[in-house]
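What follows is a single structure, written as structure tokens, with notes after it.
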Amino acid sequence: MRYYLVAGEASGDLHGANLILALKALDARAEFRAWGGDRMAAAGADLVHHVRELAFMGFWEVAVNLRQIMGLLGEARNDVIRWKPDALILIDYPGFNLRLAGAARKAGLKVIWYISPQVWAWKAGRVKTLKERVHQLYAILPFEPEFYARYGMTIFYVGHPLLDELQRRRTTQETAGGPPQPTAGDNAWIALLPGSRKQELDRMLPIMLDVARKFPQERFALAGLGQLGESAYTPAVLPSNVKLYIDQTYDVLEGARAALVTSGTATLETALFGVPEVVLYRGNAISYFIARRLVSVPFISLVNLVLNRPLIAELLQGQVSGETVERELRSLLEDPAKREQIRNGYAELFHLLGGPGASERVATGIIRYLNQPADLPACNV
């Protein structure tokens, strides 16, 4: 079968790559075309556009780049319809993918959505649009099925695919004789994860480096992404106690005893490695002003959202300064009871996210749906 996947950011590229591998294991004749990143290309997809060209985040950023975004959307629509896949698989990235889903559905294509858009946070009215445009919807957060049920929509909860990635990493390490050890011993450093988008990096990295200078006795490991280019990190003068690691985020987390993390999927990755963290977010002032009036969730980190309580500290917008971040990090480093409380919460989080196998469950569901009789109703209503 022919599968067309669309992801718009680094986490979508990771989950899309794992889904491609799972589909290949079940469909030996599978063909893949995608908008994604290096991981999806390495998994076997013919890449149309790279995620670095799609990383627009925030209301203001989208507005000023609207012409470019609409041009890319038109290109995606035309390419999907021309390629005629057996399934269009959309991975998160709702502003772009919801429009693409409408065009694909009108063209008679089967539309699968993997990683439910966060309509529970804002724009709950989009649920109706999803019901009209999507044949199957797969969710990775445990509270999402109940949310969609309120709107009469049945979705498939498959667990979080990060657990698959973690299991794959540990299996590889066991085969190789155990995990790599940091040069200065286990739990040697503080991890810095400034984000996967250039605009996040520009805002968050200077603050993180400023904090690192306030801890000259500590070692810091900066997790960089190759898709942004190493030059994206070099303009910032790194303090002598900070070392840059490109595309080694999990190695960095495995050797960390604490972390400063820009809000996003990285907050969950950090938790799954058992690293106590402080979550930071600072966006464009206009985008943040609009978001505060639209978003209805009490937390910004996936950790706190899934647990439905404030386990880890979150610093937003004006709270993000060298002084406040230093204070939170120092409290984390100097309070063993706080670190233990966080790790206990992480154990509960791990249980709530379900076991590994999300990618395989999604692949199985997609193939089963594509092979069912054409006159059966769509699977999400």
Checklist entry - Going by the angle between their ring planes, with limits at 30° and 60°, are H49 and W35 parallel, tilted or perpendicular? => result tilted
Next on the checklist: Restricting to non-hydrogen atoms, name the atom on P85 and the atom on V80 that form the minimum distance, rounded to 0.1 Å.
Outcome noted: CD-O, 3.3 Å
Checklist entry - Is the shortest side-chain N to carboxylate O distance from R309 to E348 below 4.0 Å? => result yes
Checklist entry - Any donor and acceptor pair, going by atom type alone, linking the side chain of D210 with main-chain N or O of P206 inside 3.5 Å? => result no
Item to check | Set of side chain to side chain donor-acceptor pair (under 3.5 Å) partners for R213, sequence neighbours left out | outcome: none
Next on the checklist: Checking E340 now: which residues fulfil salt bridge (charged side-chain N to carboxylate O under 4.0 Å, His left out) with it, not counting sequence neighbours?
Outcome noted: none
Next on the checklist: Do F143 and L352 have side chains that approach each other closer than 4.5 Å (heavy atoms only, starting at C-beta)?
Outcome noted: no
Next on the checklist: Please find the pair of heavy atoms, one from P145 and one from Y157, that lie closest to each other, and give the distance.
Outcome noted: CG-CB, 3.6 Å
Item to check | Derivation and outcome, side-chain hydrogen bond (donor to acceptor under 3.5 Å, both in side chains), residues R168 and N18 | outcome: CA-CA 10 Å; R168 184 176 294 108; N18 287 334; 3.0 Å; yes
Item to check | Same apolar cluster: L5 and L21, side chain cutoff 4.5 Å | outcome: no
Checklist entry - Linking I/L/V/M/F/W/Y whenever any side-chain heavy atoms sit under 4.5 Å apart, do L98 and Y4 land together? => result yes
Next on the checklist: Show, in sequence, the C-alpha distance, side-chain angles and deciding distance for N97 and L100, and conclude whether the side chain to side chain contact (heavy atoms under 4.5 Å, CB included) test is met.
Outcome noted: CA-CA 5 Å; N97 277 340; L100 184 57; 4.2 Å; yes
Item to check | Distance under 6.0 Å and angle within 45° of ring axis: K110 vs Y369 | outcome: yes
Checklist entry - Is any side-chain N of the basic residue among K198 and D202 closer than 4.0 Å to the acidic one's carboxylate O? => result yes
Checklist entry - Between F96 and Y93, is the gap from one ring center to the other below 6.0 Å? => result yes
Checklist entry - When hydrophobic residues are tied together by side-chain contacts of less than 4.5 Å, even through go-betweens, does V134 share a cluster with I81? => result no
Next on the checklist: Please check: side-chain N/O of K106 versus main-chain N/O of R133, any donor-acceptor pairing under 3.5 Å?
Outcome noted: no
Checklist entry - Side chains of D92 and H15: donor-acceptor distance under 3.5 Å anywhere? => result no
Checklist entry - A41: what forms a side chain to side chain contact (heavy atoms under 4.5 Å, CB included) with it, not counting sequence neighbours? => result L47
Item to check | Residue of the set D27, I366, L26 for which side chain to side chain contact (heavy atoms under 4.5 Å, CB included) holds with M1 | outcome: D27
Next on the checklist: Just checking K214: does its NZ atom have more than 12 heavy atoms from other residues, nucleotides or ligands closer to it than 6.0 angstrom?
Outcome noted: yes
Checklist entry - Within the distance-only criterion (no hydrogens, no angle test), does the side chain of T270 pair as donor or acceptor with the backbone N or O of V275 below 3.5 angstrom? => result no
Checklist entry - Is there a side-chain contact between L329 and I190, using heavy atoms and a 4.5 Å cut-off? => result yes
Checklist entry - Rounded to the nearest 0.5 Å, how far does CG of L311 lie from CZ of F299? => result 10.0 Å
Checklist entry - Looking at side-chain heavy atoms only, is the closest gap between L244 and E230 below 4.5 Å? => result yes
Checklist entry - Which atom names give the shortest non-hydrogen contact between L272 and R170, and what distance separates them? => result O-NH2, 4.0 Å
Next on the checklist: Testing the basics here: between S301 and E314, what is the closest heavy-atom pair and its distance to 0.1 Å?
Outcome noted: OG-OE2, 2.8 Å
Next on the checklist: Quick one: does any side-chain atom of Q167 pair with a main-chain N or O of D164 as donor and acceptor, under 3.5 Å?
Outcome noted: no
Checklist entry - Hey, what do you get for OG1 (T262) to CE (M204), rounding to the nearest 0.5 Å? => result 4.5 Å
Checklist entry - Looking only at heavy atoms, which two atoms of P161 and I140 are closest? And how far apart? => result CD-CG2, 3.6 Å
Next on the checklist: Please determine whether side-chain hydrogen bond (donor to acceptor under 3.5 Å, both in side chains) holds for the pair E269 and Y250, giving the CA-CA distance in whole Å, both sets of side-chain angles, and the decisive distance to 0.1 Å.
Outcome noted: CA-CA 8 Å; E269 291 176 307; Y250 287 179; 2.6 Å; yes
Checklist entry - Is V252 close to L192 at the side-chain level, that is, under 4.5 Å between some pair of heavy atoms? => result no
Next on the checklist: Test side chain to side chain contact (heavy atoms under 4.5 Å, CB included) on L205 and L222; report intermediate values, then the result.
Outcome noted: CA-CA 9 Å; L205 183 56; L222 171 58; 3.8 Å; yes
Checklist outcome for this item: Taken to the nearest 0.5 Å, the spacing of S359 OG from L14 CG works out to 8.5 Å
Item to check | Derivation and outcome, side chain to side chain contact (heavy atoms under 4.5 Å, CB included), residues K131 and K128 | outcome: CA-CA 5 Å; K131 288 181 69 173; K128 180 183 177 183; 5.7 Å; no
Checklist entry - Donor-acceptor pair, D13 side chain versus E9 backbone, under 3.5 Å? => result no
Checklist entry - Does the side chain of E200 pick up a donor-acceptor pair with the side chain of Y281 at under 3.5 Å? => result no
Next on the checklist: Distance to the ring centre below 6.0 angstrom and angle to the axis at most 45 degrees; does that hold for R257 and W189?
Outcome noted: no
Checklist entry - Under a 4.5 Å cut-off applied to non-hydrogen side-chain atoms, are L238 and Y233 in contact? => result no
Checklist outcome for this item: Residues at least two apart in sequence or cross-chain that pass ring pair (Phe, Tyr, Trp, His ring centres under 6.0 Å) with Y3, listed by chain then number, are F32
Checklist entry - Could you walk me through whether R169 and D251 pass the salt bridge (charged side-chain N to carboxylate O under 4.0 Å, His left out) check? => result CA-CA 10 Å; R169 174 181 174 83; D251 290 329; 2.6 Å; yes
Next on the checklist: Please report the interatomic distance CG(L268) to CG(L162), rounded to the nearest 0.5 Å.
Outcome noted: 5.5 Å
Next on the checklist: Are the side chains of R343 and P276 in contact, using a 4.5 Å heavy-atom criterion?
Outcome noted: yes
Checklist entry - Would Y138 and I155 count as a side chain to side chain contact (heavy atoms under 4.5 Å, CB included) if you check the C-alpha gap in whole Å, the side-chain angles of each, and the deciding distance to 0.1 Å? => result CA-CA 6 Å; Y138 292 92; I155 66 172; over 6 Å; no
Checklist entry - So E218 and N241, side-chain hydrogen bond (donor to acceptor under 3.5 Å, both in side chains) or not? Walk me through it. => result CA-CA 7 Å; E218 299 285 356; N241 61 336; over 6 Å; no
Item to check | Over all atoms of both residues, closest heavy-atom pair of L302 and G264 | outcome: CD1-O, 4.3 Å
Item to check | By salt bridge (charged side-chain N to carboxylate O under 4.0 Å, His left out) - contacts of R33 (at least two apart) | outcome: D46, D79
Item to check | H135 and R105, any side-chain heavy atoms less than 4.5 Å apart | outcome: yes
Checklist entry - What is the distance from atom CD of E144 to atom CD1 of I115, rounded to the nearest 0.5 Å? => result 9.5 Å
Item to check | Distance (rounded to the nearest 0.5 Å) between Q248 CD and L225 CG | outcome: 11.5 Å
Checklist entry - Are the side chains of N304 and I312 in touch, meaning some heavy atoms are under 4.5 Å apart? => result yes
Checklist entry - What pairs with R327 under salt bridge (charged side-chain N to carboxylate O under 4.0 Å, His left out), at least two apart in sequence or on another chain? => result none
Next on the checklist: Main chain of A17, side chain of R39: is a donor-acceptor contact present, judged purely on distance under 3.5 Å?
Outcome noted: no
